[in-house]
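Presented below is the structure to which this report refers.
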Amino acid sequence: MRLAMDGKQAQIWTALPAIIQSFNPTAMTCEAQPTVNGIVRQQDGTSKEIKMPLLLDCPVFFPGGGGVTLTFPIKPGDECLMIFASRCIDAWWQQGGIKGQAELRMHDLSDGFIFAGVRSQPRAFSVNTTSAQLRTDDGAAYVEVNPASKNVNVVTPANANITAGGNANVTASGEAVVTAPTIKLVGNVEITGNLNVGGTTIGNGVNLNTHVHSGVQPGGGNTGAPI
């Protein structure tokens, strides 16, 4: 009885680590190779270790809800965790909604979901323990939120681009500081309030710090430089 129960339990699949072999970004599915080998008992009573089959068309989980989803580029070689549904998911996956079971299978390798981001020890990296981060694996670029200080930081060694189809508004109760070797404003610039410039101001190619007007009447002299 124990051997029969063990044999039946061996056919129940719950979760397995796997390595992604390919990703279909349109269907949001992966092909994944389980990383734990199976064991098959031979007729002579010995056990043989076998490689698990490649699992196809596995739906990928991306955190989301309310019309917003967090996506990330999945690449071959990424590790993941596969969760196997307790019943056949074929009809739901193809049509959505509430559907019957296309086949009467349970805990089957054909009904796996992909949860990307699980890591074995050789691929582990140090995790920030004070802030939530969306980051590159090497930690060079990240967006983080600190729950204690309420600070939000955006760090990148490359370009940072913000594109808005409508207005882009920045509101700060304190100073808004922009530090860069060169600051370029393209288009019409409208400033309400005081503007303090600590360096040289160039307007349409004219140095506004030293610009003077000649032929001022009466006398035809020059104006002084701006103050």
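In what follows, every heavy atom counts, from backbone to side chain, and hydrogens, waters and symmetry copies are set aside. Just so it is clear, the structure is predicted and the values come from calculations on it, not from any experiment.
Other residues, nucleotides and ligands contribute at most 12 non-hydrogen atoms within 6.0 Å of the CD1 atom of I162. Around CD of Q94, the count of heavy atoms belonging to other residues, nucleotides or ligands within 6.0 Å exceeds 12. The environment of D44 atom CG is dense: over 12 non-hydrogen atoms of other residues, nucleotides or ligands sit within 6.0 angstrom. Counting heavy-atom neighbours within 6.0 Å of M106 CE, excluding the residue itself, gives a total of 12 or less. The number of heavy-atom neighbours closer than 6.0 Å to CD1 of I98, taken from other residues, nucleotides and ligands shown, is 12 or below. More than 12 heavy atoms of other residues, nucleotides or ligands shown are found within 6.0 angstrom of NZ on K99.
Classified by interplanar angle (parallel below 30°, tilted 30° to 60°, perpendicular above 60°), the ring pair F61/F115 is parallel.
Note: the hydrophobic cluster containing I114 also contains F84 (ILVMFWY, side chain heavy atoms under 4.5 Å, direct or indirect links). Cluster membership for V118 and L55, using ILVMFWY side-chain heavy atoms within less than 4.5 angstrom, is not shared. Note on V60 and W93: separate hydrophobic clusters, where clusters join Ile, Leu, Val, Met, Phe, Trp and Tyr whose side-chain heavy atoms are under 4.5 Å apart, directly or indirectly. Side-chain heavy atoms closer than 4.5 Å link hydrophobic residues (I, L, V, M, F, W, Y) into clusters, and following such links, possibly through other members, connects L185 to I191. The hydrophobic cluster containing I83 does not contain L16, counting ILVMFWY residues as joined when their side-chain heavy atoms lie under 4.5 angstrom apart, directly or transitively.
Salt bridge D6/R41: absent, no basic N to carboxylate O contact under 4.0 Å.
A distance of 9.5 Å separates CG of N161 from OG1 of T156, quoted to the nearest 0.5 Å.
Pairing each heavy atom of F62 with each of T71, the nearest pair is CD2-CA, 3.7 Å.
No side-chain donor-acceptor contact under 3.5 Å links N24 and S22.
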